[in-house]
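Notes follow the structure.
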2 protein chains.
Amino acid sequence: MDKEVTINDIAREAGVSKATVSRVLNNPEKVAKKTREKVLKVIQEKNYRPNPMARSLTTRKTGVIGVVVSDITNPFYAVMVRSIEEVCRSYQYHIFLCNTDGREEEEELYVKSLIEKKVDGIILGATRMNDQEIQNLAKAQTPMVFVSRLPENREQYDYVIVDSVLGGYLATKYLLSLGHTKIAYLGGHWPTSSNLERLEGYKRALEEAGIEVRDEYIYCGEFRMENGYREGIKILRAGKYRPTAVFSANDAMAIGLLEACNEEGVRVPEELSIIGFDDIPLSASRLIQLTTVSQSTAELGSLSGKIIMDKVLNPRKKDVRQQIVFPPKLVIRGTCARIKEE
Amino acid sequence: MDKEVTINDIAREAGVSKATVSRVLNNPEKVAKKTREKVLKVIQEKNYRPNPMARSLTTRKTGVIGVVVSDITNPFYAVMVRSIEEVCRSYQYHIFLCNTDGREEEEELYVKSLIEKKVDGIILGATRMNDQEIQNLAKAQTPMVFVSRLPENREQYDYVIVDSVLGGYLATKYLLSLGHTKIAYLGGHWPTSSNLERLEGYKRALEEAGIEVRDEYIYCGEFRMENGYREGIKILRAGKYRPTAVFSANDAMAIGLLEACNEEGVRVPEELSIIGFDDIPLSASRLIQLTTVSQSTAELGSLSGKIIMDKVLNPRKKDVRQQIVFPPKLVIRGTCARIKEE
DNA sequence: TTATAATAAGAGAACGGTTTCAAAAAGGAA
DNA sequence: TTCCTTTTTGAAACCGTTCTCTTATTATAA
């Protein structure tokens with residue numbers, strides 16, 4: 001219908017050059033008050049909005065941040081993304097949402113496509129790429145921050161995480177303090193940093209208590225509820241190696257385990273203590289009451305958002321590394337109990 | 001470091017004009033095989049990627065779809081967005097994720113900003129805007145499709161929804177068939193189309209059964225778990241008007257209600273039957289086993305994605321309306337029971 | 001009043017592609 | 001070979017901004 005109104009239309013109408021119109025928009029203080037008001041009036045009347053593509057062609061800024069997570073359907077990522085989006089929005093930025101589903105190739109492709117699309121920055125939620133790939137992508141100079149995931153050469157990158165080793169340690173220590181000695185570890189995808197670190201914390205606590213770490217107590221698969229259920233059944237039927245407590249590397253799996261207990265008629269916490277990791281909203285529900293290690297997910301998200309925006313907006317900070325490690329927090333609810341005398 | 005390689009570099013290197021390079025990329029069949037291969041080789045060597053801003057400046061396509069939902073933290077939207085993203089991705093499109101938190105003003109601002117950013121299309125998940133505002137925004141000619149929400153003048157827009165009236169009717173009918181007569185309605189934000197329609201279905205079923213619709217049985221608030229809990233407490237303490245069954249307008253609230261029952265020591269389904277709406281993944285969990293009305297959320301998402309892509313890619317279809325109404329499906333699990341003899 | 005500095009505005013070149021139109025090259029028929 | 005048609009290419013305009021110079025204007029100091 002009516003053609004898009006451009007900066008030229010405004011310039012002509014206001015009787016000035018387009019350079020002046022541009023200045024009114026970007027450096028208002030550089031144009032005389034009178035002219036400025038005249039131009040502003042025309043802009044208002046014609047309801048002019050600068051074309052963002054043309055604009056970013058010269059400014060080399062797109063006003064978008066890419067956010068890649070493995071699965072938005074996972075409540076942990078949902079709340080993280082939510083708060084990332086909130087901070088970006090406060091800067092007038094939009095976010096591209098990318099779900100990699102945990103597949104490594106997808107992830108690399110996604111990040112590549114983000115770089116090609118020239119996003120101003122990238123937030124990498126749990127990722128599986130190896131150092132080689134990351135190095136490669138980093139060459140593109142697009143600011144990146146890792147969140148809730150540690151890249152291999154951590155000192156070279158920006159990240160905001162919670163101390164997973166400490167978290168695993170705290171969780172296991174807590175179970176030990178309740179008198180448990182047969183404690184299983186229920187983990188996610190093996191080579192993932194989250195998995196490896198939480199496992200390390202688990203081992204450390206056991207060793208410190210002088211308890212042998214046995215492979216029979218270690219169950220891994222992927223960070224999903226179904227996996228928690230599946231492995232849970234195995235755990236409950238482990239016979240000789242059936243544990244009295246389980247540390248689950250995330251809440252989703254812990255809830256799956258809870259289901260397994262329900263199915264097998266095992267009472268929690270009387271017969272089995274369970275502690276999770278993440279503190280997703282559901283864990284607090286009166287129906288679940290999961291004792292867990294809190295990641296303060298929302299803070300993780302908003303801080304990573306702030307860091308990426310900081311880097312994007314202040315190019316000179318491009319090469320100063322911001323590396324934040326949150327302390328994990330034990331949230332005691334109803335799924336752990338002191339062990340009964342044998 | 002090394003400057004971005006442009007189409008000019010390729011043209012020079014390959015000894016052709018940039019028009020030819022452009023053609024190799026966009027209309028390969030229009031350039032002689034020999035030249036094409038020569039150009040392709042140089043492109044490969046230099047790892048050239050066309051600048052998307054420059055490109056979209058002339059093509060007037062950005063390759064992005066805006067998706068606005070009220071809260072990605074709500075599993076219903078998470079699932080929906082996930083599948084929208086999947087189809088967009090298959091077309092090499094990215095999505096902007098927007099959370100309005102159900103605030104009307106936010107919503108309008110968001111859609112406006114999407115239009116200004118020149119997204120190629122918009123998918124509007126549950127929205128609260130009134131017809132006036134929608135009309136206004138529609139003038140921008142950006143293709144839009146409504147999903148899981150009916151705009152006021154439905155015949156003018158594209159949408160994909162499930163028949164909420166029918167869903168409410170089925171749910172209530174099912175409770176009636178189990179012998180219940182004191183059935184409460186637990187609803188979300190009042191003026192929302194989802195709320196109104198599900199309520200209508202509820203009323204219709206009751207009237208059809210010759211049962212009076214009483215205000216005392218109608219509880220509303222917002223579509224969140226906490227609200228389900230809060231209202232749930234009220235429902236359970238309603239004394240004379242305490243129902244024997246509740247139809248909750250979404251699963252999140254139903255789960256909140258389940259919590260309330262847990263807290264008040266009310267057994268489900270023995271003392272109270274509960275039926276939800278949506279069928280979010282959690283409802284299927286062995287811990288919840290919620291009987292509900294399924295929206296086939298993933299299909300809702302992917303179909304709306306396909307429709308918006310169709311409109312974006314085939315401009316001549318711009319003015320043909322696609323209006324899809326999915327049938328709701330009753331999913332019977334464990335939260336409803338036949339009423340006991342009084 | 002005049003010289004000088006500071007401020008305001010404009011012309012036009014980027015930015016990196018696509019597209020139109022005309023010219024050149026190649027192919028085919030007589 | 002010559003003429004006509006078809007295919008292949010290139011030159012230049014255009015998309016809508018920002019930005020760098022210049023030039024014109026105004027303010028300030030001598």
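In this text the structure is predicted, and so the values were computed from the model without any measurement. A, B, ... follow the sequence lines: proteins, then strands. Residue 1 opens every chain.
Put simply, CD on A:Glu4 is 8 Å from P on D:dG16, counting in whole angstrom units. Rounded to whole Å, atom C1' of D:dT17 lies 16 Å from atom CZ of A:Arg12. Look at NZ on B:Lys33: it is 16 Å from C1' on D:dT7, rounded to the nearest Å. Rounded to whole angstrom, the span from the NZ atom of B:Lys61 across to the P atom of D:dC15 amounts to 17 Å. In this structure, NZ of B:Lys34 is placed 15 Å from P of C:dA25, rounded to the nearest angstrom. Per the geometry, CG belonging to B:Asn51 stands 17 Å off P belonging to D:dT17, to the nearest Å. Following rounding to the nearest Å, A:Ile7 (CD1) and D:dT17 (P) show an atom-to-atom distance of 6 Å. At whole-Å resolution of the value, CG in A:Asn27 and P in C:dA8 are 12 Å apart.
If you check every strand for non-hydrogen atoms under 4.0 Å, B:Ser22 touches a base. Within the 4.0 angstrom heavy-atom criterion, only backbone atoms of the sugar-phosphate kind lie near B:Asn26; the bases stay farther away. Among the heavy atoms of the strands, none lies under 4.0 Å from B:Ser56. At a threshold of 4.0 angstrom between heavy atoms, the contacts of B:Ala32 are confined to the sugar-phosphate backbone, with no base atom among them. Within 4.0 Å (heavy atoms only), B:Val21 reaches no atom of the nucleic acid at all.
Between the side chains of A:Gln322 and A:Asp310, at least one donor-acceptor pair of N or O atoms lies under 3.5 Å. A donor and an acceptor atom, one from each side chain of B:Tyr93 and B:Asp120, are located under 3.5 Å apart. No hydrogens or angles considered: a donor-acceptor pair under 3.5 Å links the side chains of B:Gln135 and B:Asp131.
Evaluation of atom-type donor-acceptor distances gives no pair under 3.5 Å for the side chain of B:Arg49 against the base of C:dG16. Between the side chain of A:Lys18 and the base of D:dT17, at least one donor-acceptor pair of N or O atoms lies under 3.5 Å. Put simply, the side chain of B:Arg60 and the base of D:dG16 share no donor and acceptor less than 3.5 Å apart.
Between B:Ala54 and B:Gly15, the residue anchored closer to the 5' end of DNA chain D is B:Gly15, taking for each the nucleotide with the nearest heavy atom. Residues B:Leu57 and B:Thr20 each lie close to DNA chain D; by heavy-atom proximity, the contact nearer the 5' end of the strand is made by B:Thr20.
When the side-chain nitrogen and oxygen atoms of A:Thr6 are compared with OP1 and OP2 of D:dG16, none of them lie within a distance under 4.0 Å. Contact between the side-chain N/O atoms of A:Thr58 and the OP1/OP2 oxygens of C:dC15 is not found at any separation under 4.0 Å.
Here the side chain of B:Ala19 is nearest to one of D:dT18, C:dG12, C:dT19, namely C:dT19. In this structure, of D:dT9, C:dA9, C:dG17, it is C:dA9 that holds the atom nearest to the side chain of A:Thr35. Nearest nucleotide to the A:Arg55 side chain, out of D:dT18, D:dT9, C:dT19: D:dT18. Minimum atom distance to the side chain of A:Tyr48 is reached by D:dT17, of the listed D:dT18, D:dT17, C:dT18.
Between B:Glu116 and B:Lys112, no side-chain nitrogen of the basic residue sits less than 4.0 Å from a carboxylate oxygen of the acidic one, so the salt-bridge criterion is not met. Ionic pairing of A:Asp9 and A:Lys46 is not present here: no N-O contact between side-chain nitrogen and carboxylate oxygen is shorter than 4.0 angstrom. Between B:Lys41 and B:Glu37, none of the side-chain N atoms (NZ, or NE/NH1/NH2) sits under 4.0 Å from a carboxylate O, so this pair counts as no salt bridge.
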